[in-house]
Structure formats: C-alpha cells, structure tokens
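Heads up: the structure comes next, in structure tokens.
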Amino acid sequence: MNSTLARQTATLKALHEYPEGCDLLISAFVAAANHIRRPTVCVPFPPDLFLDALGGRDYNACRATISSLPSIKRISQPGGLSSLTGDQLRFLEWLLLNARQRHKLVKVSADQFHADLRTRLNGGGVQLGDSLPTILKVDNGDAGGEDPIFSENVLTVGFHGTAAENVHSIMQNGLLNLSNTRLQRHGAAFGEGIYLGSDIATSNQFAAAAAGWKNSDLGDRIRCIFVCDVAQDNDEEMPIGYVRATRPDHVRITHVLIFNASQSVAKFKGLDWCTLVTVAYILLMLLISFRNQVSSY
C-alpha cells in the first residue's frame with residue numbers, strides 16, 4: 001500500500017471510529033482560525049498549507065477551504081474523501097492523524113461519564129445541569145501503563161473551562177502553565193500555575209463560546225470544559241472551588257464536555273414575547289424608581 005493510500009485509509013478509519021472527536025478537532029481549529037488572536041491560538045498550524053506569497057499563514061484561504069468542507073457524516077460515506085479538494089484532504093490528514101497520535105476522542109454516555117468520575121472521586125459525582133453536553137473520553141491507549149506522577153501523588157479531579165478559540169491548542173499541546181507570560185488570559189492571584197475548578201459551576205463561567213465550523217454536528221457555536229486528573233503538587237491552600245497545578249505534566253485531560261451554545265440562543269429566541277415585554281417593563285420601572293431616589297437627595 002503506497003503512502004497516499006495509507007494516509008487516506010487511516011483518515012477514513014478515524015472518521016468512522018470517533019466521528020464526534022473528529023468533529024471537535026475541526027470545530028476547534030476553525031474557532032481558533034476565526035479569532036482575532038489566531039496567531040497565538042491557532043497553534044499548531046498546517047506547515048505546508050494555506051500559505052501566502054511570502055510564506056506566511058493565509059487565513060482567508062484557510063477559512064474558505066474549511067468552510068466548504070462537508071459534514072463528518074457526508075465525508076464518511078463511500079466516496080466521501082474523493083469528493084474533497086486536495087487542500088481539504090491534506091488538511092484532514094494533517095489534523096486527524098496528527099491528533100490521533102496523541103489521543104483518541106470517543107463519545108460516551110452521561111452514565112458512563114458519571115461511573116468513571118465516581119471511580120476517580122471515591123464515590124463522588126458532579127452535576128451536569130439541565131443542558132446535557134456531548135461527552136468525549138480521551139483514550140490515550142495507556143500503552144506505557146500508569147504514569148507514576150498520577151499514581152504516586154494525591155489525585156483529584158479538576159474542571160478547566162476556557163474560551164472555544166483555545167481548545168485547538170489545548171487538544172494539541174495540553175494544558176500549559178502560562179502565568180506571567182504574554183499569553184496569560186486571567187490572573188494568577190494564588191501563584192503561578194494551571195487553574196481548574198473543583199466543580200463544573202466554577203469552570204463554566206470561563207467556558208466562552210466562539211463561532212466555529214458551520215457544518216459541525218456539535219453546533220456552529222460550542223463551549224468546552226476539560227475534565228482532568230490533577231496530581232496535587234503543592235500544599236498551599238486554595239479558595240473553595242479552585243484547584244491549581246504548577247506543572248503541566250501534573251494535569252491529564254480525561255474528558256471533554258461540549259455544549260452547543262447555539263441551542264441556548266435558540267431557547268432564548270423561543271421565549272414568549274409577552275414574558276420578555278413584562279420583564280423589560282419591570283426593569284424599566286426599577287430604573288425609573290432608582291433615578292427618582294437619586295434625584296431626591
């Protein structure tokens with residue numbers, strides 16, 4: 001089997017084995033490429049694709065190529081790969097095969113997720129809320145056995161919410177300690193390190209949505225929370241609701257929770273207009289009352 005056919009076979013196998021995982025990888029890349037911070041968040045970037053005349057990244061060509069990429073279901077059908085352009089096929093091979101060497105993302109049910117967490121939390125669990133996410137389990141294959149970092153340290157579970165444009169880099173590079181660097185996005189009030197929440201509610205406030213892949217079955221606007229094993233590497237007390245690790249190799253992603261932000265917007269749009277008018281009227285009356293009180297002093 002020649003190398004071209006081998007790569008196409010491996011790409012098609014990945015699409016069939018973990019379609020939701022492939023969908024997330026594409027969506028995350030698109031969210032990064034669309035964002036104003038794309039030079040720093042769209043990393044890695046395919047080295048031999050979408051280059052301008054000077055050899056720099058051509059984001060316009062990149063977006064045009066991926067925006068016309070069919071859905072995972074269509075690509076996975078017989079003859080689906082042959083319908084792609086050369087750049088689309090090379091992009092998929094680069095993204096899926098490169099990512100697959102690090103981990104495979106397999107969809108699991110909420111019951112499977114809770115069972116897995118109960119094992120990690122010694123019988124504990126978490127509340128996913130009313131809007132159930134798509135849950136992907138990170139399968140590293142465990143070819144090297146249990147990592148001694150996680151077997152020899154106190155283990156806890158942390159939740160890391162992040163803006164959707166950061167997901168591509170995290171999936172490819174892992175969670176990194178960016179404290180006191182130009183890439184730091186939030187404060188480090190309790191010391192340098194990777195900050196996680198001890199519950200989903202804490203991390204949810206950091207999981208901002210971003211415009212992604214329009215043909216994604218996960219939604220064209222997604223929010224993501226990473227579920228991680230954390231090897232406690234410091235004895236400093238943290239505020240309730242937070243976990244901190246100072247070393248990247250002490251954080252291991254086990255699951256990704258994907259929320260369809262477009263559904264939340266649709267629910268809001270579907271509210272009874274009478275209810276919206278009533279709420280707006282009450283807010284207006286409160287504002288007028290407040291201004292009258294201020295002017296009376």
Side-chain angles (χ1 to χ4, degrees), residues 24 102-129 131-163 166-167 169-181 183-208 223-259:
L24 174 62
R102 290 181 54 83
H103 38 235
K104 183 164 62 175
L105 302 163
V106 182
K107 184 179 179 181
V108 296
S109 68
D111 288 341
Q112 290 173 305
F113 172 67
H114 284 299
D116 197 18
L117 274 195
R118 280 194 293 270
T119 302
R120 287 179 158 82
L121 295 172
N122 296 319
V126 296
Q127 295 294 326
L128 292 178
S131 179
L132 288 179
T134 298
I135 306 171
L136 302 184
K137 183 175 182 179
V138 179
D139 181 5
N140 295 297
D142 294 325
E146 177 63 28
D147 191 328
I149 290 177
F150 296 95
S151 61
E152 297 173 3
N153 288 278
V154 177
L155 189 66
T156 188
V157 172
F159 301 88
H160 185 83
T162 188
N166 297 326
V167 172
S169 179
I170 292 174
M171 292 304 305
Q172 298 287 338
N173 303 309
L175 284 166
L176 304 176
N177 180 359
L178 301 177
S179 298
N180 299 321
T181 73
L183 298 179
Q184 177 180 316
R185 300 300 298 171
H186 300 286
F190 306 102
E192 294 186 9
I194 301 167
Y195 282 72
L196 306 97
S198 58
D199 55 62
I200 289 180
T202 300
S203 301
N204 193 48
Q205 59 187 308
F206 298 100
R223 300 189 307 110
C224 293
I225 295 177
F226 292 94
V227 185
C228 308
D229 285 338
V230 183
Q232 297 288 158
D233 56 9
N234 63 82
D235 297 325
E236 298 178 20
E237 291 190 6
M238 292 289 292
I240 295 176
Y242 290 91
V243 178
R244 178 172 66 93
T246 58
R247 292 174 48 179
D249 60 342
H250 281 204
V251 180
R252 176 175 61 191
I253 299 171
T254 63
H255 298 82
V256 187
L257 310 182
I258 309 163
F259 298 85

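Small disclaimer: the values here were computed from a predicted structure and weren't measured. All residue numbers refer to positions in the sequence shown, counting from 1.
Using a 4.5 Å heavy-atom threshold, the side chains of Leu105 and Met171 count as touching. Contact check for Thr202 versus Tyr242: side-chain heavy atoms found under the 4.5 Å cut-off. Using a 4.5 Å cut-off on side-chain heavy atoms (C-beta onward), Asn204 and Ile225 make contact. Contact annotation: the side chain of Phe113 approaches that of Val227 to within less than 4.5 Å [non-hydrogen atoms, C-beta and beyond]. The side-chain heavy atoms of Tyr195 and Val243, taken from C-beta on, include no pair separated by under 4.5 Å. Between Val256 and Val167, every side-chain heavy-atom pair lies at or beyond the 4.5 Å cut-off. The shortest distance between side-chain heavy atoms of Val230 and Arg252 does not fall below 4.5 Å.
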Show the numbers, then the answer: is there a side chain to side chain donor-acceptor pair (under 3.5 Å) between Asp229 and His250? CA-CA 8 Å; Asp229 285 338; His250 281 204; over 6 Å; no

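With rounding to the nearest 0.5 Å, the separation of CG in Leu176 from CG in Asn166 is 11.0 Å. Between the CG atom of Leu196 and the OG1 atom of Thr162 there is a distance of 10.5 Å, given to the nearest 0.5 Å. Once rounded to the nearest 0.5 Å, the distance linking CG of Asp139 with OG1 of Thr254 reads 12.0 Å.
Heavy atoms only, all atoms of each residue included: Leu175 and Cys228 are closest at CD1-SG, 3.7 Å. Closest approach of Ala207 to Cys224, counting heavy atoms only: CB-O, 3.5 Å. Taking all atoms of both residues into account, the shortest heavy-atom contact from Ile253 to Val138 is O-CB, 3.6 Å. Between Arg223 and Ala208, the closest heavy-atom pair is CG-C, 4.0 Å. Annotation for Ala245 and Val251: closest pair CB-CG2, 3.6 Å, computed over non-hydrogen atoms.
A centroid separation of 6.0 Å or more is found between the aromatic rings of Phe226 and His255.
A search for salt bridge (charged side-chain N to carboxylate O under 4.0 Å, His left out) contacts involving Asp199 returns nothing, not counting sequence neighbours. Residues passing the side-chain contact (heavy atoms from CB on, under 4.5 Å) test with Thr134 are Lys107, Leu136, Leu218, Ile258, sequence neighbours excluded.
Distance alone, capped at 3.5 Å, is enough to place a donor-acceptor pair between the Asn173 side chain and the Ser169 backbone.
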